[in-house]
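None of these values were measured; they are calculated from a predicted model. Proteins get letters first, then strands, A, B, ... in listed order; numbering begins at 1 in each.
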There are 2 protein chains.
Amino acid sequence: MTTIADVAALAGVSVATVSRTLHGSSRVDPRTRERVLAAAAELDYVASPTATSLASGRTHVVAVVAPLMSRWFFATVVTAIEQELRAAGYHLLLITLDGQAADSGLQYEMFAKRVDGIIALNVPATDADLAMLHRLGVPVVAVGMALDRWPRVHIDDAAAVRTAITHLIGLGHREIGYVGTTDTSVAHMSTPGERSAAFRAALREAGLSVRPEWAVDSDWTADAAARKVEPMLRAEQRPTAILAGSDEMAIGVLGAARWIGLRVPEDLSVMGIDDHTFAAVLGLSTIHQDVRAQGRLAVSMLLDDLRAEAAPADRTVARTVEVPTYLIARETTAHPETTAPPGG
Amino acid sequence: MTTIADVAALAGVSVATVSRTLHGSSRVDPRTRERVLAAAAELDYVASPTATSLASGRTHVVAVVAPLMSRWFFATVVTAIEQELRAAGYHLLLITLDGQAADSGLQYEMFAKRVDGIIALNVPATDADLAMLHRLGVPVVAVGMALDRWPRVHIDDAAAVRTAITHLIGLGHREIGYVGTTDTSVAHMSTPGERSAAFRAALREAGLSVRPEWAVDSDWTADAAARKVEPMLRAEQRPTAILAGSDEMAIGVLGAARWIGLRVPEDLSVMGIDDHTFAAVLGLSTIHQDVRAQGRLAVSMLLDDLRAEAAPADRTVARTVEVPTYLIARETTAHPETTAPPGG
DNA sequence: TTGAAAGCGTTACCAT
DNA sequence: ATGGTAACGCTTTCAA
């Protein structure tokens, strides 16, 4: 393996000079620089990141922690993050909470020393986790769920839900149901329970009553949502519209409606939140959020912090950024034509 | 930051002994071990992975290279891989090709020295890339697309397509169309073009003719597939069934059918390949593949190679593993009831 | 502008 | 079984 010493030898300078040249930092005589660069190129030299890290104390790696990857939102943010990090000369260490006991703690110690910073995607943390994070002194940026006092990029979940409900009410719906996580105890799998709370609030604001049996708890998947919503749709009295906490779950509702034999939107209006890649093609009405933008923002905020460590008070980005959302009305929502005929 | 020296001091032994104890390798007096462990626990000592890497030459990090993350298949394998790696004490460095020029090369040099091995998910590589990889001497395992002579885990794409076609023919279909990538030039975005080739082969084997205009090229997304398949479905003569190269694209076909007003499966049968999470709930007939298993297998094969580096000829896993696939007939495929009435 | 040399925190070899 | 001590490959003072 070719080391910095080889380059130094070939260029006829000291390793210190090679290091300086390749770092572009301090001044180096143009002609010296020329020779060094030539030597490095000649030898296909690439500095050992390991040695560099040990000597400099910075790894140029950022950890991204997410509950799991198989959900569209996470996969999409991560792609955006990776791209942005790569452009900035950083690598991405992916940490998933999948398959871990919810209470096993995040074990930041295991990777904290490997990275310069952490981007946490919707990961809840126990007090112990937070304490650990602070103790380690690693910069953190949260995406989605707030994480202590760290910078955060997110959407206004309550507003998203309100917009959705307003849309449905505007169409004439009065009997509205909801599927989504309402229980936040399964910590590491949960997503802002705010959406569920916002649902109740939005209905109340509109002067509509919230029927408890029309707000069902579900895992954040299409299958689960379909199963959970089925009884509600088969009941004597069923809602004329259902809002799902995510498009994934909305697709589940679509499935349930299909196998029950309810026409969408004639017999049932369905809405989601997110604007999943499939939403357009399925004609799903939803609330759009720019997921990639959130990833990009998270990266700039983190890099900003990393730079600030070197040159304090050099921050350019707001400490918390709210990304706007907006309604996309497609074909799964319409005026309620019929008043809930006996289901089935 | 607490270092190995602190632990050694507290335990009253040399750093060498601490290193040995924590590594479990060579023998250490039980009582000494006890003291060291206590000291380490007392100080919350965690070895610096950076220093360890530099000294030992092994990073305990594996790179996973994928075209992008926002596709269900990739996201799912990656989750499985991460989980498996974590269990084995390894971390995962995620490299995406998203947003890179297709011909920009994979730039393995940029991360090769950071990792002990590489898992490549459906990434095509130029000869230059392959040469580079070999030169770097990093163990590689390929998932999906074959990569030179490296170990590989994959499904039999041709068989999958054949099974699908057989299913359709068994239902009585004779006019069968296909959507998927047929052009493999857009290298870093392509997936086994084998599926497309297999489609033609399967039809020919069955004695059916392949109408060129019924085999359309498309990006590997629902939207693209929907757009690409629309003209085919609106044409005077249209197929009675369509096989998509992936469930994602099949969902696109479902969308196109919906907005054109074709009933599925009465007017059109639709099949996919993969058994995407949404397939069940959408009632999509498809060919199932166990994606997580492929991820797990890839990890064992790679770890096997890493161990073999230490203790040569110590391999336990076959050099190439083929994961089985099988038909799941759901509700989007049926006997062709009508013979292609004028579209629209 | 350049070079010498002291770290950075571990591992692993060689003695003992 | 344990300790001393060269590496590992680079960065970064400190001098020159």
Side-chain angles (χ1 to χ4, degrees), chain A residues 1-37 39-40 43-61 89 109-116 136 309-310, chain B residues 1-37 39-40 43-61 89 109-116 136 309-310:
Chain A
M1 202 197 49
T2 131
T3 81
I4 198 174
D6 299 325
V7 179
L10 181 56
V13 297
S14 72
V15 297
T17 300
V18 175
S19 179
R20 280 189 212 102
T21 306
L22 266 28
H23 257 352
S25 51
S26 6
R27 269 88 317 296
V28 173
D29 184 288
R31 283 163 312 189
T32 311
R33 145 181 305 275
E34 202 59 35
R35 287 216 314 287
V36 172
L37 260 26
L43 298 176
D44 274 327
Y45 172 71
V46 177
S48 153
T50 302
T52 302
S53 297
L54 184 55
S56 71
R58 337 221 299 92
T59 63
H60 275 259
V61 174
E109 326 83 283
M110 298 316 293
F111 62 86
K113 287 181 163 174
R114 275 193 199 286
V115 302
D116 291 344
L136 294 171
E309 282 189 339
Chain B
M1 202 198 47
T2 133
T3 80
I4 198 175
D6 300 326
V7 179
L10 181 55
V13 297
S14 73
V15 296
T17 299
V18 175
S19 181
R20 279 189 215 102
T21 305
L22 267 29
H23 257 356
S25 51
S26 0
R27 350 300 45 279
V28 174
D29 184 287
R31 282 164 312 187
T32 311
R33 144 179 308 272
E34 204 57 36
R35 287 216 313 287
V36 172
L37 259 25
L43 299 176
D44 273 328
Y45 172 71
V46 178
S48 152
T50 302
T52 302
S53 297
L54 184 55
S56 71
R58 336 217 299 92
T59 63
H60 275 257
V61 174
E109 326 84 281
M110 298 317 293
F111 62 86
K113 288 180 163 176
R114 273 192 201 288
V115 302
D116 291 344
L136 294 171
E309 282 188 340

Phosphate contact (D/dG3 OP1 or OP2) by B/T17 side-chain N/O below 4.0 Å: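 It does, given that an N or O in the side chain of B/T17 lies less than 4.0 Å from OP1 or OP2 of D/dG3.
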D/dT11 phosphate, OP1 or OP2, under 4.0 Å from A/S19 side-chain N/O: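 The answer is yes; a side-chain N or O of A/S19 sits under 4.0 Å from OP1 or OP2.
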Looking only at heavy atoms, what is the nearest atom pair of [X] and [Y], with distance?
X      : Y      : value
B/A8   : B/S14  : CB-C, 3.8 Å
B/A51  : A/L54  : CB-CD1, 3.9 Å
A/Y45  : A/T3   : CE1-C, 3.5 Å
B/A112 : B/L136 : CB-CD1, 3.3 Å
A/V61  : B/R114 : CG2-NH1, 3.6 Å
B/T52  : B/A47  : OG1-CB, 4.1 Å

Any donor-acceptor pair under 3.5 Å from A/S53 side chain to A/P49 backbone: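 Between the backbone of A/P49 and the side chain of A/S53 there is a qualifying donor-acceptor contact (under 3.5 Å).
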[atom1] of [X] versus [atom2] of [N]: gap in Å, rounded?
X      : N      : atom1 : atom2 : value
B/M1   : C/dG9  : CE    : C1'   : 7 Å
B/R31  : D/dT2  : CZ    : P     : 9 Å
B/I4   : C/dG7  : CD1   : P     : 19 Å
A/D6   : D/dG9  : CG    : C1'   : 11 Å
B/L22  : C/dA12 : CG    : P     : 13 Å
A/K113 : C/dG9  : NZ    : P     : 9 Å

With 3.5 Å as the limit, what N/O pairs link the protein to nucleotides 14-16 of chain C?
none

Side chain of A/D29 (C-beta onward), nearest among C/dA5, C/dT11, C/dT1: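 Side chain of A/D29 sits closest to C/dT1.
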Selected nucleotide, minimal atom distance to A/A16 side chain, candidates C/dT1, C/dG9, C/dA4: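 Output: C/dA4.
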Sugar-phosphate, base or nothing in reach of A/V13, heavy atoms under 4.0 Å: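 Counting heavy atoms under 4.0 Å across all strands, the contact made by A/V13 is with sugar-phosphate only.
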Heavy-atom side-chain proximity of B/L10 to B/V36 below 4.5 angstrom: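 No; the side chains remain at least 4.5 Å from each other.
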Flag if over 12 foreign heavy atoms under 6.0 Å of CD, B/E34: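 No, CD of B/E34 has 12 or fewer neighbouring heavy atoms, counting only those of other groups under 6.0 Å.
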Contact list for DNA chain C against residues 43-58 of chain A - heavy-atom distance below 4.0 Å: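 Per residue number, the list reads A/L54, A/A55.
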